[in-house]
Structure formats: structure tokens, C-alpha cells
Amino acid sequence: MATCEVCGNDYWMAFEVRTVSGDVHTFDSFECAIHKMAPICEHCQIKIVGHGVEVSGRFFCCAHCARAEEGEQGAQVRDAVGARPAS
Ligand SMILES: [Zn+2]
Ligand SMILES: [Zn+2]
């Protein structure tokens, strides 16, 4: 048994998340892990749960938010690689 560090639930299926710095965190759910660990978009302030975008060390939820905050580099960010399918 392990206790979630966010909500305190003692749950037999609790799991650990190891960060790049070597810290280990224990959670009882993905929701609690996101609450504690997900980066926050610097433009719209939502929790970044997907891949997100990193520009100049700042995190954004999508290319639109990166373009809104980051000038030249942000303008190069796209949400998907490749050409739009012909219709
Ligand atoms: Zn929890
Ligand atoms: Zn955003």
C-alpha cells in the first residue's frame, strides 16, 4: 500500500512517477498526478496533459498559444507535421 501525496488516499494500486531530476512521486490516480506535476500553459493557464509545446523554455498547450506569446520562434510552431489532406 502507498499513500497519494496529493489527496492522502492509501490505495493498493498507487503508482510512482520518476522525474528527470530523480525525484519520485506517489499518486493514487492520474488525476492527482496531473494536479501535482503537469505544466501549465503560459498563455491560457490550462494544465498541459498532452505533449504540449516548448518554446525557449516556456510551455504551452498548443501551437496557437505558443504563437500568441513567443514572437519569431512561436510563429514556427505547428500542431501537426505534414500537409493538410486535400479535400
Ligand atoms: Zn490522490
Ligand atoms: Zn494554452
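This is a predicted model, so every value here is computed, not measured. When a ligand or atom number is given, it counts from 1 through the structure's own listing order. Scope of the values below: all heavy atoms of this structure, side chains included, with no hydrogens, waters or symmetry mates.
Phe59 and Val55 fall into different hydrophobic clusters, where Ile, Leu, Val, Met, Phe, Trp and Tyr side chains are chained together by heavy-atom contacts under 4.5 Å.
Atom CD of Gln45 sits in a crowded spot, with more than 12 heavy atoms from other residues, nucleotides or ligands closer than 6.0 Å. In this structure, Glu54 places its CD atom where more than 12 heavy-atom neighbours from other residues, nucleotides or ligands lie under 6.0 Å away.
The side chain to side chain donor-acceptor pair (under 3.5 Å) check on Asp10 picks up nothing, with sequence neighbours excluded. The side-chain contact (heavy atoms from CB on, under 4.5 Å) search around Tyr11 returns Asn9, Met13, Asp28, not counting sequence neighbours.
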Report task. Report the C-alpha distance between Glu5 and His25 in whole Å, list the side-chain angles of each, state the deciding distance to 0.1 Å, and finish with yes or no for side-chain hydrogen bond (donor to acceptor under 3.5 Å, both in side chains). Result -> CA-CA 7 Å; Glu5 65 186 60; His25 298 275; 2.7 Å; yes
Query - From CA spacing to verdict: side-chain contact (heavy atoms from CB on, under 4.5 Å), Phe27, Val17 - result: CA-CA 8 Å; Phe27 304 106; Val17 176; 4.0 Å; yes
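Residues Cys44 and Cys61 have side chains in contact (heavy-atom distance under 4.5 Å, counting atoms from C-beta outward). With contacts defined as side-chain heavy-atom distances shorter than 4.5 Å, the pair Thr26/Phe15 does not qualify.
Protein N/O/S atoms found under 2.8 Å from the Zn ion (ligand 1), listed by chain and residue number: Cys4 SG, Cys7 SG, Asp28 OD1, Cys32 SG.
Of all protein N/O/S atoms, those lying under 2.8 Å from the Zn ion (ligand 2) come to 4.
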